[in-house]
Amino acid sequence: MLKKLLIANRGEIAVRVIRTAKALGYRTVAVYSEADANAMHTELADEAVCIGPAQVAASYLNADAILDAARKTGADCIHPGYGFLSENAGFSNACKAAGIVFVGPPASAIELMGSKRRSKIAMQKAGVPVVPGYEGDNAGDDELIAAAADIGYPLMIKASAGGGGRGMRLVHQESELADNIKRARSESKQAFGDDELILEKAVIEPRHIEIQVFADRHGNAVYLGERDCSVQRRHQKVVEEAPSPFVTPELRAAMGDAAVTAALACNYEGAGTVEFLVDKDRNFYFLEMNTRLQVEHPVTELITGQDLVAWQLSVAEGLPLPLAQNDIELNGHAIEVRLYAEDPANGFTPQTGPLHVFQPAEGEGLRYDTGVRSGDEVTPHYDPMLAKVIAWGENRDEARRRLIRALEDTTIFGLTTNRYFLSRIIADSTFGAGEATTAFLQQSFSADPSLQPAKTQIRQLALAACVLAHGTSGQEAWSNAPATHTPMKLETGGETVELLVQSNGQNLSARLGHEHYELTIASIQNGLLCVVDKGIRQRCHYHRDGDSLHLQAFGKSWSVTDLTHQPAAGANGEGNGRIPASMDGAIIDVLVEPGQTVRQGETLVILEAMKMEHPVKADCDGVVAQVLTRKGDQVRRNQLLVEVTIDEASESENKK
Ligand code: MV4
């Protein structure tokens, strides 16, 4: 009997695994990096062991430290989650050698599926359909070129050790072949330390449909339906659903049988996912098998009513599968989206910083898998996924409606997220018709407004003004006094606006140039503003953070900073000498030291962000009072880096 599970992961998946393990009576052990000392997964487990510094190579990928933690706590089994060490055959073996059960398949299956070339050969031999191509052993460039002539164009060059689109090239004609083979080899060598390549005929505008399989030690294997993960962006899944709107019962049975054949052919054990490409004529081809529990497993759980982590633990104990194929029923429809701290209107730049408020909207058929809570910090060390938002419905449109509502009504303050992008996808008519292929986002969604920086509208500014005007009058009762005219200077979306606000505490009018907007305030308290807007009563959530005010209503989030009472910049546009980081990044050089005289515009430190160097410059003439950062530091946007004492002499000189 297994009694104590160590979870070799962090974030939402660690939390997810701990939840089921606890429910089944297991003791749980979390491992955490120094950056995760107060993380949700660390706090939720019965015991927790620090396994190293924030960098993943030193902590969550540190197999020795994790095995030490297991020995120290007496854990008898390890769940690897996804990512990190989950598909590392060496780690699976090391667990075994230490007498600890690895909750996952045998190392031999992980190894086989880690090679595109060998797994394709094995699958073909077992009778699983694969994309026609070439998977010769030790193939040189000449052999690949000869094979390409037989395959025809367009074709794909894939790194045998690759996965998830890495090391993959599409070739349209023979004249481009040799050069692409050379590039693919060097890329693959660079990325995976292995330059073995295979060739495949390219499937045009395929759907990505994967089958959840489970196998036990007793020779049983079943499938639990499919998941459609066609909506992807740069090989990152964005939306996942079950069942697939494209899969017929016949196709499901055929793909399910093929996936079970794949699992049996490699002596599989535990949870696995067999990925297929499906073309427009519903031909399907084996792509790869993922030998772990996947991020998107909840949609399968919601339509089967099964707990896949419970299945994994049961299989790891050596028990037979809980259900036979005929007992597995699919019910309703589930859709999952990955809610990220990232800015879709800005190239999907990851966002880091404090998550002031995270309050998932409650409702029938909604599930949130998350590893963060209000007050947590999103750091640059790990994937900035905040939560998986999953909706179940009797049918696909019910699931879509519930998911859109969940995205719109979840309160998130502090970080820009992709939620508007996600809700626009779910509401999209092509997606709604079940017609999204892997080309969908690029082909029919790239002009979506959620991908463009949005100007803050007068209505949004008026809502902000309601909160700001209320704040200054404190808890005073509403008065019938005549309206006061208050100019407000607000910074929003990178621009400064001068708003003229007229308010008697109840009726508010905001004017910006020729535009104006009227609102009646019904109530403001505890972060909730109720207004009557053109006869419609509506809610707006808000959160104050110093001079910043964050707001959320009608599915959108925006922020304003009140500059009304801030001193104006000095002459010649010089600033106040407090120099912040312009974005999240790493300090790669510090060029000044305290006491040093600097001129306005002089570079003080160099910040590296998004693979580019950004000079951070003095905003005034003066003397460096403090340097608050060091070379090698990770810094966040707006973090104070250098303080310069303004040189009064030069200031008055400038004014002459
Ligand atoms: C392909 C393909 C077309 N033909 N292979 C991308 C990720 C990797 N797992 C396999 N990928 C593809 N392989 C052949 N022979 C098109 C893709 C592909 C893709 C696959 C699944 C989901 C999204 C995708 C986006 C672009 C290309």
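Throughout, residue positions are numbered sequentially from 1 according to the sequence presented. Indexing begins at 1, ligand by ligand and atom by atom, following the structure's order.
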Quiz item: Is Arg396 close enough and on-axis enough to Phe431, meaning under 6.0 Å and within 45°, for cation-pi?
Solution: yes
Please produce the table of protein N or O atoms sitting under 3.5 Å from N or O atoms belonging to ligand 1, one pair a line, distance to 0.1 Å.
unit_1   : atom_1 : unit_2 : atom_2 : d
ligand 1 : 4 (N)  : Val203 : N      : 2.8
ligand 1 : 5 (N)  : Lys158 : NZ     : 2.9
ligand 1 : 13 (N) : Lys158 : NZ     : 3.1
ligand 1 : 15 (N) : Glu200 : OE1    : 2.8
ligand 1 : 15 (N) : Lys201 : O      : 2.8

Practice problem: Report yes if the distance between the aromatic ring centroids of Phe214 and Tyr268 is under 6.0 Å, otherwise no. | Solution: no
Self-check item: Partner set under ring-ring contact (aromatic ring centres under 6.0 Å, His included) for Tyr82, not counting sequence neighbours
Solution: none
Self-check item: Those residues that, when tested against Asp194, pass salt bridge (charged side-chain N to carboxylate O under 4.0 Å, His left out) (two or more places apart)
Solution: none
Quiz prompt | Carboxylate-amine/guanidinium contact Asp307 Arg16, below 4.0 Å | solution = yes
Can you give the donor-acceptor pairs under 3.5 Å from side chains of residues 125-135 to other protein atoms, not counting sequence neighbours?
unit_1 : atom_1 : unit_2 : atom_2 : d
Glu135 : OE1    : Lys120 : NZ     : 3.3

